[in-house]
Number of protein chains: 2
Amino acid sequence: MRAMPTDRTPPHGTPAHGRPADAAAAHGTSSDGARSDGTPAHGPGTPADATPAEGVPGGGAGARRRGRPRKDEPALTERVVLDAGVRLMVRDGLDAVTMRGLAAELGVRAASLYRYVRNKDELLDALADELFAGIDLTRYAQDDWRAALTAMAAALRRHLLARRDSARLIAGRFTTGPNALRNIEALLAVLRGAGLSDHDAAFATYTYVTWLFGFVAAEQNRLSAEVAAGMAPREYLDRLAGRLRAMPPDRYPHVVALAGELTAPDLAARFDFALARLLAGIDVLRTTADPR
Amino acid sequence: MRAMPTDRTPPHGTPAHGRPADAAAAHGTSSDGARSDGTPAHGPGTPADATPAEGVPGGGAGARRRGRPRKDEPALTERVVLDAGVRLMVRDGLDAVTMRGLAAELGVRAASLYRYVRNKDELLDALADELFAGIDLTRYAQDDWRAALTAMAAALRRHLLARRDSARLIAGRFTTGPNALRNIEALLAVLRGAGLSDHDAAFATYTYVTWLFGFVAAEQNRLSAEVAAGMAPREYLDRLAGRLRAMPPDRYPHVVALAGELTAPDLAARFDFALARLLAGIDVLRTTADPR
DNA sequence: ACCTGAACACCGTTCAAGT
DNA sequence: ACCTGAACACCGTTCAAGT
């Protein structure tokens, strides 16, 4: 999975997110992380809604090492490390998140990080939860459960697509940090409100989340080694369509016949389609459990 | 080695496309995963080969460096490399699949591999398709489309679960090799047979596949860094349930209330639940498009 | 034609040592 | 208490050289 440093391919079907001013944040201060959520930014502080727990130094988070380095204050804090980790991943991709690279981003040496994280694996776990700090699904709550789940899915997808490799990071992890749980809470509220049993609400939430993360991971990842190496996604898909049409029709009749549909690049439409299937499936469950 | 070598002849004339369909496939939990043509060339000091050697000794293909090394025959072929790659991943995990490690598995040096694969990324693409060599969904075809899709899902999940890290390898790739396509063909056949339009059949197949791979990836991956470090999953889930129950009930009422359901370890039940939702969602579509 | 040795520029992690 | 230097055992990849 170690991609070559040559890749700067935008995920197809997504607005190529050019990162603006993160470089400035690279040195010093920066408790901003990279929040470029497509959602209405608003909010009191920058990182949407204060993250409750964590001993975030109130007010002066990350205000050190700009002018005079305080004697007693450490150069690093867990917060600063996590912010830098997210920023690095969003800017340069998950493969760029190495202990050495992260240290360089922070102006220290790799060995220093081990005071704040046990190892790289735990760093990535923490980063996975950190990704959910910038999104709060409770803001999309509304009476109609279908509308709520639809709005939440769109927000989640937008949020992840705007953060390079985020789904790849998340997909393989079971994230149970405070930020992830805040969003799980919002989903559970909708599904219980829709009349699902406790069991069904929990299972439906699991289904919704694993499906969505899997979908975006597939969407966000490079189509192939060729695309990762620089080929335009559009060209790759066209070539693929041609290859499919050229397959032996006796053995692959449906693949040949549906070559066009299979290689259509409209990921947003596929997302809507899949969500509609899931909601319909949930609806059956709901009306069965609570007919009215 | 590309994702789909149909239009390209491999270095040694082995028609990658014309391979006979896979014996010894999906049933059983055997973690074979290597193909039987081309005997694995065990290095002299293969470390702890706990996995029973798969397969029929193919003939003399892998006999090099044991008896007399043929003068003209190369030590490696693309087939032998791929077999060794799958074997290595299934035995030691995806992280063990390094160019150096794979070379050692084959009794050669890393640099030698670059005659057969362009780089590691393309190796992994080829490995991803190779994973589907051992399963043929057409065997599960039947009249009832629901029964067919259910049987296919179960076969796919079983196949992947039996191959360590397989879903992690696949989830992030768009696999369009001949083995993957054979199984896509089977799914398309069922969905078109159920009365879906071309568009819907293609989209439903995409939904089915991304959901299933995402689900198994979540299931197959380690729950957390703790579990990866050795903690029993059961204990981790119990602790997690405790943590969820101890969360502030004013902010996380549903998480607290459903702590038990959320941490239940019954992945098979969750799989059945999610599949039932999807099938119900497809059914709506089907009867809408083709009422009777 | 095929494989190797050696090199390059990287990794994650540990630990004694500095301040 | 916090960070560094240096080391160890790895990576992927290239390429001149061997056979």
Side-chain angles (χ1 to χ4, degrees), chain A residues 1-7 28 55 57 64-65 69-81 84-85 88-89 92-127 225 228-229, chain B residues 1 9-14 41 43-44 47 61-62 64-65 68-81 84-85 88-89 92-127 225 228-229:
Chain A
M1 235 159 250
R2 317 280 105 90
M4 324 221 50
T6 59
D7 66 337
R64 93 208 89 275
R65 94 187 251 95
R70 296 283 186 141
K71 263 214 172 79
D72 297 1
E73 292 182 6
L76 264 33
T77 63
E78 187 179 355
R79 177 106 311 275
V80 168
V81 170
L88 186 57
M89 188 185 86
D92 299 337
L94 185 57
D95 292 337
V97 180
T98 66
M99 298 303 278
R100 290 169 131 101
L102 178 54
E105 178 80 11
L106 289 160
V108 299
R109 306 297 201 173
S112 308
L113 298 174
Y114 287 85
R115 187 159 302 268
Y116 301 92
V117 295
R118 186 140 36 204
N119 53 43
K120 189 181 177 182
D121 204 31
E122 291 207 345
L123 169 70
L124 294 181
D125 274 0
L127 249 29
Chain B
M1 174 181 320
T9 314
H12 296 282
T14 340
R64 57 160 209 97
R65 81 184 271 104
R68 53 280 139 107
R70 295 281 186 149
K71 262 218 175 74
D72 297 359
E73 293 180 6
L76 265 30
T77 62
E78 186 179 354
R79 176 103 312 280
V80 168
V81 170
L88 187 57
M89 189 185 86
D92 297 339
L94 184 56
D95 292 338
V97 181
T98 66
M99 298 303 279
R100 290 170 131 100
L102 177 54
E105 177 81 12
L106 289 160
V108 299
R109 304 299 200 171
S112 307
L113 299 174
Y114 287 85
R115 186 159 302 270
Y116 300 92
V117 295
R118 186 141 36 205
N119 53 42
K120 190 182 175 182
D121 204 31
E122 291 207 347
L123 169 70
L124 293 181
D125 274 0
L127 250 27

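In what follows, chains carry the letters A, B, and so on, assigned in the order in which the sequence lines appear, proteins first and then strands, with residues in each chain numbered from 1. From a predicted model like this one, the values you see are computed outputs, not experimental measurements. Below, all heavy atoms of this structure are taken into account, side chains as well, without hydrogens, waters or symmetry copies.
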Side chain to side chain contact (heavy atoms under 4.5 Å, CB included) with B/Arg100: which residues, sequence neighbours excluded? B/Thr98, B/Ala110
Gap between atom NZ of B/Lys120 and atom CG of B/Asp125 - 0.5 Å precision: 12.5 Å
Minimum heavy-atom distance A/Leu127-A/Val97, with the two atoms named: CD2-CG1, 4.2 Å
Under 4.0 Å between a side-chain N or O of A/Ser112 and OP1 or OP2 of D/dC2? no
With sequence neighbours left out, the residues meeting side chain to side chain contact (heavy atoms under 4.5 Å, CB included) with A/Asp121 are A/Asn119, A/Arg173, B/Arg222, B/Ala225, B/Ala228
For A/Arg109, which contact category applies under a 4.0 Å heavy-atom criterion: base, sugar-phosphate, or nothing? sugar-phosphate
Rounded to whole Å, please give me the gap between CD in B/Glu78 and C1' in C/dA1. 17 Å
Listed by chain and number, what are the salt bridge (Lys or Arg N to Asp or Glu O under 4.0 Å) partners of B/Arg109, not counting sequence neighbours? none
Pairs under 3.5 Å (N/O, protein and nucleotides 10-14 of chain C):
from	atom 1	to	atom 2	distance (Å)
C/dG12	OP1	A/Met99	N	3.2
C/dG12	OP1	A/Lys120	NZ	3.1
C/dG12	OP2	A/Met99	N	2.9
C/dG12	OP2	A/Arg100	N	3.4
C/dG12	N7	A/Arg100	NH1	2.4
C/dG12	O6	A/Arg100	NH1	3.0
C/dT13	OP2	A/Tyr114	OH	2.8
C/dT13	OP2	A/Lys120	N	3.0
C/dT13	O5'	A/Tyr114	OH	3.3

A/Arg115 CZ to C/dA17 C1': how many Å, rounded? 13 Å
Please report the closest heavy-atom contact between B/Leu102 and B/Gly85, naming both atoms and the distance. CD1-N, 3.6 Å
Would you please name every residue forming a side chain to side chain contact (heavy atoms under 4.5 Å, CB included) with A/Val117, sequence neighbours left out? A/Met99, A/Leu123
If you look at every heavy atom in B/Ala84 and B/Leu106, which pair is closest and at what distance? CB-CD2, 3.6 Å
For DNA chain D, produce a single dot-bracket line, 5' to 3'. Pairs: Watson-Crick or G-U wobble, both distances under 3.5 Å. Symbols: ( ) within strand, [ ] crossing, | other strand, . unpaired. ||.|||||...|||||.||
Nucleotide nearest A/Tyr116 (side chain, heavy atoms from C-beta), chosen from D/dT4, D/dC2, C/dC3: D/dC2
